[in-house]
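These numbers come from the heavy atoms of this one structure, side chains and all, not from hydrogens, waters or symmetry mates. Everything numeric here is computed off the predicted structure, so don't read it as measured data.
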Amino acid sequence: MTNHLYDALIAPHADNQAIFLECDDGTALTFKDFVARAAQIAHVLTQAGVAPGDRVVVQAPKLPDTIALYAACLQTGAVYLPLNTAYTQAEVSYFIGDAEPVLVVCDAKDEAKIGEITKDTETVILTLSADRGSLSEAADSKPTAFQTVSRGEDDLAGLLYTSGTTGRSKGAMLSHKNLGSNARVLTDLWQITSDDRLIHALPIFHTHGLFVAMNTALLSGARVRFMTSFDIDTILEELPRSTLLMGVPTFYTRLLGDSRFTAEITHKMRLFISGSAPLLAETHIAFEARTGHRVLERYGMTETNMITSNPYYGERIAGTVGYALPGTDVQVTNPDTGTPLPSGEVGMIEVRGDNVFQGYWNMPEKTAEELRPTGFFITGDLGVLTQDGRLSIVGRAKDLIISGGYNIYPKEIEDVINDADGVTESAVFGVPHPDFGESVLAAVVADKATALDIDALKATVEPQLARFKHPRRYIVMDELPRNTMGKVQKNVLRDAYSG
């Protein structure tokens, strides 16, 4: 029997004695040990009543057993559904009610909360915690081999819910083919091999930390320095003996803010990758000046995994997210008609390929709205393509500001503000206006070493932009509101300042 994703990622390591995970407490797990542990957990899953196609909800800490649980779900044919550990009881209640899992795995401290949510169902609850938990304890006595369940490339492997900043959060159904094809393309494109050592400080409830970082490491046999969370001291300590870092923009700004971060400690590093949120051009420039390394920025979504990447060899241009991945088609279209636009024109980014999800769980109408019959997925992002196919993101369609009949793209204004003296970063957003429809506001984070003069900022910004693009108000903040993956939450700003 074959199991499309398990056979690609996990099974080849059954006899691999190389180190796979190195943990914060100094312990290490070989690939062989990991395969055996996944099998033990697979036995626990079947004992709990989990069958092929059943959902397993996981809101648990970042632990080796959490990754082994993911592998066990693949091996048993279950659908892995990770949840942000910061979600509230009300949010988790919605996800569990929508996905109807057979099993929920949570932190021991949350067991009572999950029990309250599932009290009227037959859902089984197991725990995973730093001090073991019932799942780990049950797995300890189980056999280290498990008969892998057959799963095809179109069977579901994962169910990831979107952040839900507008409307109900949607469950993106990801197949074995979706995840496997993307892992193979990225491993090849970024030349990840068993000689690599990846610093992994990302959460594992998200596409970036789980399906990009862990799947490519498993596929290639790379070693992983498995960190519970981002810690600047630990990162600096690990850099001299590592080759890869996958991070979000805040990783790189924090590194640049530390004088200990030098070219010398990055001498063995092969590649720095950034995603999940845009990396400022000034961060690109400062990073290269400090280390000689050019950060590789890429672009992806929950529904599509990775879509584009700057080249491994070739120019990595700040402000762009590179070219469509091999086997992936990217087009920019008129948002109203869906007609493809010529290069240089701003429009809706659409993507088609083996990486594109199967649709939204329990939402056939929403699936039909966003997945065209041609196979193209309407991302909701606005972008522009160069003649040679390089993509730049202009912003989210929902962030587009329409004032007095003019379309205003926030990123254009943010780029001008961010270049001004005394500004660290900014977020431009629209709020209701009785005459113009929307008014332009700018939230600005000042450089801590500089006293920001708003009049001077206006004098710098306004000559570079048409009058209708000028922010009507500048709001100075200590930091911009962000979600766990570092994306600026403009919906929070709109809600706060719409009055």
Side-chain donor/acceptor of [X] to backbone N/O of [Y], under 3.5 Å:
X: Y252; Y: I273; result: yes
X: R290; Y: L256; result: yes
X: H176; Y: N3; result: no
X: Y94; Y: S169; result: yes
X: S175; Y: N178; result: yes
X: D495; Y: V492; result: no
X: H293; Y: T266; result: yes
X: Q464; Y: T460; result: yes

Checking R260 against D233 for the salt bridge (charged side-chain N to carboxylate O under 4.0 Å, His left out) test, could you report, in this order, the C-alpha distance in whole Å, the side-chain angles of both residues, the deciding distance, and whether it holds?
CA-CA 9 Å; R260 295 173 295 172; D233 293 327; 2.7 Å; yes
So do the side chains of [X] and [Y] get within less than 4.5 Å of each other, counting heavy atoms only?
X: V56; Y: C73; value: yes
X: Q59; Y: F95; value: no
X: L210; Y: L160; value: no
X: L239; Y: F272; value: yes
X: L325; Y: T308; value: no
X: K469; Y: E412; value: yes

Salt-bridge present ([X], [Y]; N to O < 4.0 Å):
X: D188; Y: R184; value: no
X: E350; Y: R372; value: yes
X: E414; Y: K490; value: yes
X: K448; Y: E479; value: no
X: R197; Y: E22; value: yes
X: R494; Y: D399; value: yes
X: R223; Y: D196; value: no

Output, in order, the C-alpha distance, side-chain angles, deciding distance and verdict of side-chain contact (heavy atoms from CB on, under 4.5 Å) for M301 and F357.
CA-CA 10 Å; M301 305 181 70; F357 75 139; over 6 Å; no
Could you check V212, T328, L189, V185 and say which one makes a side-chain contact (heavy atoms from CB on, under 4.5 Å) with M306?
V212
Tell me, with the steps shown, if Q331 and F376 meet side-chain contact (heavy atoms from CB on, under 4.5 Å).
CA-CA 9 Å; Q331 64 181 14; F376 275 98; 3.7 Å; yes
Carefully, step by step, assess V351 and D329 under the rule side-chain contact (heavy atoms from CB on, under 4.5 Å).
CA-CA 6 Å; V351 56; D329 300 320; over 6 Å; no
Show your working on side-chain hydrogen bond (donor to acceptor under 3.5 Å, both in side chains) between Y360 and E365 and close with a plain yes or no.
CA-CA 9 Å; Y360 292 116; E365 299 86 0; over 6 Å; no
What's the separation between atom [atom1] in [X] and atom [atom2] in [Y], rounded to the nearest 0.5 Å?
X: L202; Y: S276; atom1: CG; atom2: OG; result: 7.0 Å
X: K487; Y: L480; atom1: NZ; atom2: CG; result: 15.5 Å
X: T320; Y: L279; atom1: OG1; atom2: CG; result: 11.0 Å
X: L74; Y: N215; atom1: CG; atom2: CG; result: 8.0 Å
X: F211; Y: L9; atom1: CZ; atom2: CG; result: 10.5 Å
X: R316; Y: R298; atom1: CZ; atom2: CZ; result: 14.0 Å

Run the numbers on L255 and T291 for side-chain contact (heavy atoms from CB on, under 4.5 Å), then give the verdict.
CA-CA 11 Å; L255 285 169; T291 67; over 6 Å; no
Considering residues, nucleotides and ligands other than D421, do more than 12 of their heavy atoms fall under 6.0 Å from its CG?
no
Does the side-chain hydrogen bond (donor to acceptor under 3.5 Å, both in side chains) test come out yes or no for R390 and N310, once each step is laid out?
CA-CA 8 Å; R390 192 185 287 267; N310 269 276; 2.9 Å; yes
Would K458 and H470 count as a side-chain hydrogen bond (donor to acceptor under 3.5 Å, both in side chains) if you check the C-alpha gap in whole Å, the side-chain angles of each, and the deciding distance to 0.1 Å?
CA-CA 9 Å; K458 289 181 180 179; H470 293 178; over 6 Å; no
Salt bridge (charged side-chain N to carboxylate O under 4.0 Å, His left out) for R482 and E425? Distances and angles first, verdict last.
CA-CA 13 Å; R482 297 180 185 275; E425 61 177 342; 2.4 Å; yes
Between E91 and T88, is there a side-chain donor-acceptor contact under 3.5 Å, judged purely by atom types and distance?
yes
Between Y87 and Y161, is the ring centroid distance below 6.0 Å?
no
Taking it one step at a time, do N418 and S426 satisfy side-chain hydrogen bond (donor to acceptor under 3.5 Å, both in side chains)?
CA-CA 6 Å; N418 294 341; S426 65; 2.8 Å; yes
